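Residue numbers count from 1 along this sequence. The shown structure was predicted, so the numbers you read here are calculated from the model rather than taken from an experiment.
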Amino acid sequence: MRMNTPKQACWLVRKIFDIRYWFLEKYRSDDLHMYYSNGKFSIKKLYIAMRPQFQKSLWKKVLTGSKAIPKHRFILWLAVHRKLATVDRLERWGITVAKECVLCATKEEESMEHIWFGCYYARTIWAILLQWLNEKHHIGSWEEEIEWLRRRTANKTRGEILIFLFTAMVYHVWAERNKRRFQGKIVASSHRIKDIVMELHIVGQRETKWHTELEKLKNFP
C-alpha cells in the first residue's frame with residue numbers, strides 16, 4: 001500500500017495502483033465487510049462499487065448487434081450521441097451558417113429534433129417504410145422513435161429489419177442534407193426510399209432469418 005505508482009508501467013498497471021487512493025478516500029476501514037462474501041474478500045463486489053452508475057441508454061438495442069450497413073451504423077451512432085454537425089450545434093461552436101433546414105420549406109432552424117422528425121423529408125421516408133412493413137405506428141420525436149424501436153426488438157427478426165431500415169433512413173436523410181447544403185443538389189425522397197429498400201433486399205439475401213418476413217411484403221412500387 002505504500003509503494004509509489006511506477007511511472008514506467010503501462011496504463012493498466014498504473015490504474016491498478018491508483019485505485020488504492022480512491023479506495024482509501026471513499027471507504028473507512030470499518031466498511032470493508034461490505035466487500036466480503038462467506039468470509040472471503042470479493043473482487044466482484046469491489047469492482048461493482050468502483051464502476052460509475054449511469055442511466056441505461058435507450059439506444060443500446062438499436063445499435064448492438066445491428067445488421068445494418070457499417071457506414072449507416074456510424075452515422076446513427078453519431079446521431080444517438082448528438083454528435084452530428086447540425087446548424088444549432090455549429091452555432092454553439094461560434095460557426096455562422098444559414099440556419100434554415102435545407103430539407104423543407106418551413107424556414108425552421110436545422111436541429112436534431114427538427115430533422116428527425118419535425119421535417120417532412122425524414123418523416124415521409126420513415127412513414128412510407130413503416131407503411132410498406134404494415135406497421136401501425138404514429139411517428140413521434142427522435143427519442144420516442146428510439147424507444148419504440150427498442151420495444152420492437154422483442155420480435156427479433158422483425159426488429160432487425162426495422163432497425164436496418166431506421167438506420168438506413170437516418171443515413172440517407174443526413175446524406176441528402178449534406179448534398180443539398182454543400183452541393184446544391186436534390187434527390188427526391190422517393191429515390192432515397194427505393195435505395196433503402198434495395199439495400200434491404202441485398203443484405204436480406206445473406207440473412208436467412210429475414211426471408212420469411214421479406215416474402216410477406218409486397219414489391220415496393
**Qualifying residue, where the test is ring pair (Phe, Tyr, Trp, His ring centres under 6.0 Å) with Phe166 and the options are Trp148, Tyr171, Trp142** = Trp142
**Message:** With a 6.0 Å cut-off (strictly less than), is the heavy-atom count around CD of Gln131, excluding the residue itself, greater than 12?
**Reply:** no
**Asked** Can the positive tip of Arg180 be found less than 6.0 Å from the middle of the six-membered ring of Tyr121, inside 45° of the ring normal?
**Response** yes
**Joint hydrophobic cluster, Trp116 plus Leu90, side-chain heavy atoms closer than 4.5 Å** = no
**Prompt:** Would you call Glu143 and Arg82 a salt bridge, using N to O less than 4.0 angstrom?
**Reply:** yes
**Request:** Report, as yes or no, whether the 6.0 Å neighbourhood of atom NE2 on His138 holds more than 12 heavy atoms from other residues, nucleotides or ligands.
**Result:** no
**Request:** With the side chain counted from C-beta on, respond yes when Glu176 and Ile186 share a heavy-atom pair under 4.5 Å apart, and no when they do not.
**Result:** yes
**Message:** Among residues at least two apart in sequence or on other chains, which ones pass side chain to side chain donor-acceptor pair (under 3.5 Å) with Ser111?
**Reply:** none
**Prompt:** Do other residues, nucleotides or ligands put more than 12 heavy atoms under 6.0 Å from Phe17 CZ?
**Reply:** yes
**Message:** Check this for me: His211, atom NE2, are more than 12 non-hydrogen atoms of other residues, nucleotides or ligands nearer than 6.0 Å?
**Reply:** yes
**Asked** Do His201 and Met198 have side chains that get closer than 4.5 Å, going by heavy atoms?
**Response** no
**Prompt:** In terms of ring plane angle, is the pair Trp126 and Phe117 parallel, tilted or perpendicular, where the classes change at 30° and 60°?
**Reply:** parallel
